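Inspection log for the structure reproduced underneath, given as structure tokens.
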There are 2 protein chains.
Amino acid sequence: MTVADDMRAKGMRMTVQRRLVLDALRRARHHTTAEEISRSIRASYPQIDPSTVYRNLEALERLGYVTHTHLDDRVTRWRRADSRPHGHLVCRKCGSEEEIAMSVLEPLAKRLKGEHGFRADLAHSAVVGLCRECAG
Amino acid sequence: MTVADDMRAKGMRMTVQRRLVLDALRRARHHTTAEEISRSIRASYPQIDPSTVYRNLEALERLGYVTHTHLDDRVTRWRRADSRPHGHLVCRKCGSEEEIAMSVLEPLAKRLKGEHGFRADLAHSAVVGLCRECAG
DNA sequence: GAGGTTATCGCAACTGCCCGCAATAGTGGC
DNA sequence: GCCACTATTGCGGGCAGTTGCGATAACCTC
């Protein structure tokens with residue numbers, strides 16, 4: 001089942017714009033921003049509006065093809081859903097970012113599930129704090 | 001030592017705008033938004049610019065008088081630093097919010113400190129996921 | 001392949017928030 | 001009190017992202 005088929009099966013349409021967003025995400029090897037995707041598409045197809053890119057990222061996310069993460073700035077980071085999930089440590093002072101294994105976050109997820117029935121997505125937002133250097 | 005003295009000792013100035021922001025934060029009993037603070041101040045002092053409110057919230061945060069938290073929308077929540085810290089569970093589907101004790105988050109903070117030397121502020125961003133009802 | 005339905009698009013305007021700049025006004029020293 | 005210094009302000013404009021709307025174009029049916 002192709003992405004296009006999956007979309008059609010859900011009453012959605014496979015448009016050129018959608019395909020371009022998917023391609024851009026495939027080319028980007030890691031986290032990307034909507035602005036970056038928009039810019040790379042508009043280099044070849046300037047008539048495609050940034051808002052279309054945003055809406056398509058959301059649509060693809062609803063279908064489970066992409067996910068997004070928030071670090072400690074105002075920019076949303078996007079990645080394909082089939083890339084390996086991981087957590088982020090972001091230093092609020094120097095801005096450094098470190099990726100950490102989900103296994104580190106697992107015990108908290110388990111506890112939230114057990115005590116609150118809450119299915120936590122701990123890859124969704126970075127853990128903010130002070131890195132080793134800045135904590136002093 | 002009053003807030004004003006503390007500010008002066010750090011080379012900052014106690015302005016009417018600053019005092020109004022502090023007062024608004026004192027009146028608000030829980031999380032507030034900058035927009036809310038701005039609106040309540042501008043009701044009486046319409047000449048005070050929203051950007052001034054934002055800048056003052058940041059200044060007061062640097063001094064340690066207030067902190068902010070991110071739930072799962074684009075709005076920053078502010079509260080006085082002397083209110084009891086706590087975590088948040090936010091459901092990405094129904095939007096429900098639940099407050100949780102910091103003790104639940106403590107073990108992760110301890111582990112991040114031990115394994116990565118990272119001093120995590122786990123009250124800074126909400127844990128996003130699916131609540132008991134939406135997880136099904 | 002033509003036609004009708006409606007998901008999606010491009011556009012323009014808007015949001016919460018941030019920033020540069022010239023004008024203003026707290027502050028410490030006299 | 002008055003002055004000089006400079007932190008802070010209001011303002012205009014920018015940024016990432018969102019939304020309403022009329023026009024367009026994928027899709028299904030025949």
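Naming convention: chains lettered A, B, ... in sequence-line order (proteins, then strands); numbering from 1 in each chain. Just so we're clear, the structure is a prediction, and the values are computed from it rather than from any experiment.
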Atom CG of Leu89(A) and atom CG of Leu130(A): how far apart are they, to the nearest 0.5 Å? 11.5 Å
What is the separation between atom NE2 on His31(B) and atom C1' on dG16(C), rounded to the nearest whole Å? 18 Å
To the nearest angstrom, the CD-P distance between Glu35(A) and dT18(D) comes to 14 Å
For Ala4(B) and Gly11(A), find the nucleotide of DNA chain C closest to each by heavy atoms; which residue's nucleotide sits nearer the 5' end? Gly11(A)
Establish, from distance only, whether the side-chain atoms of Thr52(B) and Asp49(B) form a donor-acceptor pair under 3.5 Å. no
Starting at CZ of Arg77(B) and ending at C1' of dG16(C), how long is that distance when rounded to a whole Å? 11 Å
Please report the C-alpha distance between Arg27(B) and Asp23(B) in whole Å, then the side-chain angles of each, then the deciding distance to 0.1 Å, and finally whether the salt bridge (charged side-chain N to carboxylate O under 4.0 Å, His left out) criterion is met. CA-CA 6 Å; Arg27(B) 280 198 308 277; Asp23(B) 287 350; 5.5 Å; no
Between atom CG in Leu63(B) and atom C1' in dA7(D), what is the gap in whole Å? 13 Å
With a 3.5 Å cut-off and heavy atoms only, can you find an N or O donor on one side and an acceptor on the other between the side chain of Arg42(A) and the base of dG10(C)? no
Under a 4.0 Å heavy-atom cut-off, which of residues 66-75 of chain B touch DNA chain D? Arg74(B)
In whole angstroms, the gap separating C1' of dC28(D) from CE of Met7(A) amounts to 18 Å
Side chain of Arg8(A) only, please: which of dA16(D), dC28(D), dG10(C) is the nearest? dC28(D)
Glu97(B) and His31(B): CA distance, side-chain angles, deciding distance, side-chain hydrogen bond (donor to acceptor under 3.5 Å, both in side chains) verdict: CA-CA 12 Å; Glu97(B) 300 167 17; His31(B) 300 282; over 6 Å; no
At 4.0 Å (heavy atoms only), tell me whether Glu58(A) reaches a base, stays on the sugar-phosphate, or touches nothing. sugar-phosphate
Atom CZ of Arg13(B) to atom P of dA23(C): distance rounded to whole Å? 17 Å
Is the distance from OP1 or OP2 of dC17(C) to the nearest side-chain N or O of Tyr54(B) less than 4.0 Å? yes
Return whichever of Asp49(A) or Val16(B) has its heavy-atom-nearest nucleotide of DNA chain C closer to the 5' end. Asp49(A)
On the nucleotide dA16(D), are OP1 or OP2 found under 4.0 Å from the side-chain N or O atoms that Thr76(A) carries? no
Gap separating the SG atom of Cys134(A) from the CZ atom of Arg119(B), nearest 0.5 angstrom: 10.5 Å
Length of the CD-C1' vector between Gln17(A) and dA7(C), whole Å: 12 Å
Testing the basics here: between Val66(A) and Trp78(A), what is the closest heavy-atom pair and its distance to 0.1 Å? CG2-CE3, 3.8 Å
5′-ward residue of the pair Met14(A)/Thr33(A) relative to DNA chain D: Thr33(A)
Less than 6.0 Å separating the ring centroids of His30(A) and His86(A)? yes
Using only modelled atom types and a 3.5 angstrom limit, is any donor from either the side chain of Arg55(B) or the base of dG10(D) paired with an acceptor on the other? yes
Using OP1 and OP2 only, check whether a side-chain N or O of Ser51(A) sits under 4.0 Å from dT18(D). no
Identified side chain to side chain contact (heavy atoms under 4.5 Å, CB included) counterpart of Ile48(A) within the set Leu20(A), Val21(A), Val16(A): Leu20(A)
Side-chain N or O of Thr15(B) less than 4.0 angstrom from OP1 or OP2 on dG26(C)? no
For Ile37(B) and dC17(C), what is the distance between atoms CD1 and C1' respectively, to the nearest whole Å? 14 Å
